[in-house]
Amino acid sequence: MATAPVTKDSHLYLVDASAYIFRAFHALPPLTRASDGLPIGAVSGFCNMLFKLLEELKGPDRPTHFACIFDASSHTFRNDMYDQYKANRSEPPEELRPQFPLVRRASIAFAAHALELEGYEADDLIATYARQAEAKGARVTIVSSDKDLMQLVSERVVMLDTMKNKTLGIEEVFEKFGVGPERVVDVQSLAGDSVDNVPGAPGIGIKTAAQLINEYGDVETLLERAGEIKQPKRRESLIENAEQVRLSKQLVLLKDDVPVELPLEELAVADPDPEVLIAFLEEMEFRTITRRVRESMEMEGAIEAAPPAEEPIDRTQYETVRDFERLEEWVARAMAQGYVAVDTETDSLDSVAANLVGVSLALAPGEACYIPLAHVDPNAAGDGDMFGADPPRQIRMKDAMRALKPMLEDASVLKIGQNIKYDDSVFATQGIRVAPIDDTMLLSYVLNAGKHSHGMDTLSERYLGHSPIPFKEVAGTGKQQVSFDRVALDKATEYAAEDADVTLRLWQTFKPKLHTEQVTTVYETLERPLVPVLAQMEREGIKVDRDQLSRLSADFSQRMAALEAEAEEQAGRAFNIGSPKQLGEILFDEMGLPGGKKTKTGAWVTDADVLEGLAAEGHPLPRTIVDWRTLSKLRSTYTEALQAAINKKTGRVHTSYAMAVAQTGRLSSSDPNLQNIPVRTEEGRKIRQAFIADEGNVLVSADYSQIELRILAHMADIPALKEAFLNGLDIHAMTASEMFGVPIEGMDPMVRRQAKAINFGIIYGISGFGLARQLGIPQGEAAEYIKTYFKRFPGIRAYMDETKDFAKGTGYVKTAFGRKIHLEAIKSKGPAKAFAERQAINAPIQGSAADVIKRAMIRMPDALAKAGLTARMLLQVHDELVFECPENEAETLIKVAQDTMQGAALPALNLSVPLVVDARAAKNWAEAH
DNA sequence: GCGATCACG
DNA sequence: GACGTACGTGATCGCA
């Protein structure tokens, strides 16, 4: 035990030990000491937690001061105020009682103070120390999930739920109580608490209490003005129970000035005495943690002597688990440790079509195994030919799932994956809901978006200096490639267990950086909770009308053939109409048409812009080519590909959403991409018509109106734009009216179109050149427009300059919700810099919009369930959500979807403009949109 | 495997 | 004064 001053760089951890013991006892498996059957489950959990916090936390989250706080006895000053306080608590169970003193001993063995004070609850000591540390500018982490402690949360004080591995800050408190931490006491004293037997005001729950407090400020004011309340029930309950509410407030308000015996400074973290600690752990017969403490102590000695050497990756050390008993041992170790890296191997990249082939686990660097489940004889000839095939001995799928399910679903065991959405879907086919989770891909995404990609190989090479075995090396390449179930077990183990090992090591690398980089909230509120939501959407899929697509395909083919013949005639010779190279030669070399540009590879540019230009000059061939290309695109990318994408089992099309590809925080969709289904042309919409609801159902499409411009109006604080949105004006018409001085009524559509292009240009980081090209006007004219725009909306230029300066200073930009997008090129010179500057302007806007819809999607499943709907969310297209529901639910669904989407920024962000969502139901997507 | 093209927000 | 320019994606094709 040591002394050290508490400063703004200190980080105090206060463990709510008494509460932990109860929770661990109920949440963890009932472990007993092998030699004498002494129950020690809670002690084990407690030791693991202390070890994790004291030995494994590195970086700025590492505690500098630390204490375990206990309840002294059951009688406190609150019982003197109210004899019924916590009177409904029953005695602790028989198996738990002997564990109380052991947990105190465990604290001391870890060189942590075990503190308590007669007459006070642990919560009061925690409050006292937390306030003292906070006053000195230190950060405080309260290790507890007890809502009674939430009143202490602040900018510097967070709570940590070690079992769910979840940090609770101001936003989470707000979500639970509907008020900030400083008003939690008021809400609690009104709502009461049946667990602690705090009476409150009968008939008033948390929701109502929050509403009242938000309106009146605090309990005293509320009680004084209770007569003003309109609802008779509430009014009477408050008037009748005023004294009871005042008493409740005294009960829930934590005492933050108790006479603590030890000064804060003496809670400094000290190195445990290895002999004492190991002796205690051995006495408890904790094998895994004893070994890990030993390793950690030895390593610390080594660290002082030599630079920290990464444990090298040795694939030969991995275990192939082929016996049920061994599997049970791995599962038990994962349960005891509280976290485990998990990876699934399957026979397909498509998570919906994939069959589970094996599972790998990793508990510590180098400590990993592979559990083969559906491997076949690698020498068997093929799917249909199993003669003489001799599958290797492996655990039966059903048995393995029985062993793994409790661990994968256990709230106290964190499952760590790389792109765990995939594994989540694979386990879902086995009836397993994996939770809680962490995802190294998403950790990297919130930490490093813009710096590099987030696939496992990239991350491993970059952060571990190690290249994992390429998949090709175990499964072969090209025609010889086999699915993973045909890979021999020794090779499969090296590959699969290494993936879990690497994932675990990456997690240890990334997780502590969340706080230093201030992206914990983004990770915990925007990315991690979206994983199961997207996995579910991918599994739902959407129905498409195969016959309709097939008819369209035939129609397009026919028309393409006609256009092809026409093109040859117009060109004067046969050529490959699909070859831009040949086309360029014909147009510019042979026919000698003007206006030819070259690409950087020296080929003629023949894109739609160029061809439209030529067509306008009266040449027939370019128009034919444009028409042919349109049909060719629709046919090959949509009508043909979509038929091929229909899943054989479900009869529906299942896209895959990439969470860590787009730099700005957007999702992307692939295999097939359902975010670029045609809509802008009449021909294209016929394809959209082929996306249909199942019988008796309808599709509902709900999309944000102008979300990016609204976010710009808010973030750049442009009064004229905000005003327009508040008044529900046509924003492009209003822009045109401002800029060109024309009335909105009876406006020339061309003028509005120009204003619309300028509005988009602003969001994209406008340039005169770009706007000129978009509008087909001279560059000088475009530059004039931009000048006028900046004059009319002066805040825009200031916002752009501030954003660019921020990016230049920090190397990144942020969305309104704190997501970081790194733009290292902003510090360079030349075109790269100009490009980065435009990204700097666009990324916060596009990214904030992406954050908003993610928040809506995360809340949607609960919102639907609460409204009693069976509706399913199927697709996301950046600012649009597509649902499917029975016809009779459509009306309610539209309301729920609109409410959830329109309120999605709250409470984290109170936008100064309304978010508006349009929604419609129809039999197909074209009509619903 | 890459560039050109074009579908979407 | 010159330079290179709208932001973010994915799929398909031709061609090296």
Side-chain angles (χ1 to χ4, degrees), chain A residues 449-450 575-584 597-611 625-626 628-642 644-645 655-658 661-681 683-685 687-688 703-709 712 757-775 779 782-783 786 813 821 823 829-847 849-850 853 875-880 925 929:
Chain A
F575 73 109
N576 183 348
I577 194 168
S579 165
K581 184 166 170 275
Q582 292 179 33
L583 176 67
K597 291 184 296 183
K598 294 274 182 88
T599 66
K600 60 183 165 197
T601 58
W604 293 107
V605 175
T606 68
D607 65 16
D609 267 5
V610 170
L611 297 183
I625 300 291
V626 166
W628 181 89
R629 278 192 184 162
T630 304
L631 294 177
S632 167
K633 178 82 177 183
L634 295 179
R635 200 182 97 93
S636 64
T637 311
Y638 301 104
T639 57
E640 287 296 308
L642 281 173
T655 186
S656 167
Y657 288 105
V661 168
Q663 321 231 351
T664 52
R666 273 193 178 178
L667 300 176
S668 82
S669 156
S670 64
D671 310 298
N673 182 355
L674 297 186
Q675 289 181 324
N676 71 347
I677 301 304
V679 69
R680 291 173 187 171
T681 65
E683 288 305 340
R685 279 194 289 277
I687 291 165
R688 208 166 260 240
D703 69 296
Y704 284 106
S705 159
Q706 303 293 353
I707 187 169
E708 293 192 351
L709 272 178
L712 173 72
I758 294 166
N759 277 331
F760 275 102
I762 295 295
I763 290 172
Y764 294 157
I766 201 152
S767 78
F769 181 93
L771 182 62
R773 204 168 67 88
Q774 178 67 31
L775 286 177
Q779 203 171 324
I786 293 169
V813 290
I821 296 112
L823 298 168
K829 292 205 186 311
K833 178 188 157 153
F835 182 45
E837 284 183 347
R838 291 195 298 275
Q839 288 180 313
I841 290 162
N842 174 257
I845 303 170
Q846 188 181 114
I853 197 167
L875 303 177
Q876 190 251 40
V877 193
H878 309 307
D879 63 359
E880 174 189 12
W925 192 7
H929 182 72

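Numbers restart at 1 for each chain; the letters A, B, ... are given by sequence-line order, proteins then strands. Because the structure is a prediction, the values reported are computed rather than measured.
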Q. The side chain of A:S670 lies closest to which of these nucleotides: C:dC15, B:dA4, C:dA11?
A. C:dA11

Q) Is there side-chain contact between A:I758 and A:I786, with heavy atoms separated by less than 4.5 Å? A) no

**Q.** Candidates B:dC8, C:dG8, C:dT5 - which lies nearest the side chain of A:Q779
**A.** C:dT5

Q. Taking atom P of C:dG10 as reference, at what distance in whole Å does atom CG of A:L875 sit?
A. 16 Å

Q) Out of C:dA6, B:dG3, B:dC8, which nucleotide sits closest to the side chain of A:V679? A) B:dC8

Q | Distance, rounded to the nearest Å, where A:F760 contributes CZ and C:dA6 contributes P | A | 17 Å

Q: Side-chain contact test, heavy atoms from C-beta onward, threshold under 4.5 Å: evaluate it for A:L667 versus A:Q675 and give yes or no.
A: yes

Q. Do A:Q779 and A:R773 come within less than 4.5 Å of each other through their side chains, counting heavy atoms only?
A. no

Q: Pick base, sugar-phosphate or nothing for A:A836, based on heavy-atom distances below 4.0 Å to the nucleic acid.
A: nothing

Q: Please examine the side chains of A:W604 and A:K598, heavy atoms only from C-beta on, and report whether any two atoms are closer than 4.5 Å.
A: yes

Q: Assign A:S632 to base, sugar-phosphate, or nothing according to its heavy-atom contacts below 4.0 angstrom with the strands shown.
A: nothing

Q) Can you tell me the Watson-Crick or wobble partner of C:dA2, both distances under 3.5 angstrom? A) none

Q: Using atom CD of A:E683 as one end and atom C1' of B:dC6 as the other, report the distance to the nearest whole Å.
A: 16 Å

Q | Atom-pair distance (CD on A:E880; C1' on B:dC8), nearest Å | A | 11 Å

Q: Report yes if a side-chain nitrogen or oxygen of A:R838 is closer than 4.0 Å to either non-bridging phosphate oxygen (OP1 or OP2) of C:dC7; otherwise report no.
A: yes

Q: Select one nucleotide: of B:dC8, C:dG8, C:dT12, the one nearest the side-chain heavy atoms of A:A641.
A: C:dT12

Q: Not counting sequence neighbours, which residues clear side chain to side chain donor-acceptor pair (under 3.5 Å) with A:R666? List them please.
A: none

(Q) Please classify the nucleic acid contact of A:I763 as base, sugar-phosphate, or nothing, using heavy-atom distances under 4.0 Å. (A) nothing

Q: Would you classify A:A608 as touching base, sugar-phosphate or nothing, given that sugar-phosphate means primed atoms plus P, OP1 and OP2, and contacts are heavy atoms under 4.0 Å?
A: sugar-phosphate

Q. Counting any heavy atom closer than 4.0 Å, what does A:G761 reach on the DNA or RNA strands: base, sugar-phosphate only, or nothing?
A. base

Q: Measure from the side-chain heavy atoms of A:D607 and tell me the nearest of C:dT9, B:dA4, B:dC6.
A: B:dC6

(Q) Nearest whole Å is fine: how far is C:dG10 P from A:L674 CG? (A) 13 Å

Q) With respect to the side chain of A:A834, which nucleotide from B:dT5, C:dG4, C:dC15 is positioned closest? A) C:dG4

(Q) From C-beta outward on A:K581, which listed nucleotide comes closest to its side chain: C:dG10, C:dA6, C:dC15? (A) C:dC15

**Q.** side-chain N/O A:T664 vs C:dG8 OP1/OP2, d < 4.0 Å
**A.** no

Q. Is any side-chain heavy atom of A:R629 closer than 4.5 Å to a side-chain heavy atom of A:L583?
A. yes

Q. Distance check: side-chain N/O of A:T599 vs OP1/OP2 of B:dG3, anything under 4.0 Å?
A. no

**Q.** B:dT5 pairs with, by Watson-Crick or G-U criteria that keep both distances under 3.5 Å
**A.** C:dA11

Q) CD of A:Q663 versus P of C:dG10: gap in Å, rounded? A) 11 Å

Q) Can you find a heavy atom in the side chain of A:I853 that is under 4.5 Å from one in the side chain of A:I707? A) no

Q: Ignoring backbone atoms, establish whether A:N576 has a side-chain N or O less than 4.0 Å from OP1 or OP2 of C:dG14.
A: yes

Q. So which one's nearest nucleotide on DNA chain C is more toward 5', A:P831 or A:H878?
A. A:P831

Q. Rounded to the Å, how far apart are A:I677 CD1 and B:dC8 P?
A. 9 Å

Q) Of the candidate nucleotides C:dA6, C:dC15, C:dT9, which contains the atom at the shortest distance from the side chain of A:Q582? A) C:dC15

**Q.** Which nucleotide in C:dT12, B:dA7, B:dG9 has an atom nearest any side-chain atom of A:P678
**A.** B:dA7

Q) Can you tell which of B:dA4, B:dT5, C:dA11 lies closest to the side chain of A:N673? A) C:dA11

Q. Is the distance from OP1 or OP2 of B:dC6 to the nearest side-chain N or O of A:T637 less than 4.0 Å?
A. no

(Q) Taking only the P atom of each, what is the distance from B:dA4 to C:dA6 in whole angstrom? (A) 13 Å

Q. Between A:R680 and B:dC8, does any side-chain N or O lie under 4.0 Å from OP1 or OP2?
A. yes

Q) Using atom P of each nucleotide, how far apart are B:dG3 and C:dT5 to the nearest Å? A) 15 Å

(Q) Just the rounded figure in Å: distance from P of C:dC7 to CG of A:L823. (A) 12 Å

Q.
Any side-chain N or O of A:Q839 below 4.0 angstrom from OP1/OP2 of C:dG8?
A. yes

Q. Does the side chain of A:E683 come within less than 4.5 Å of A:T630's, by heavy atoms?
A. no

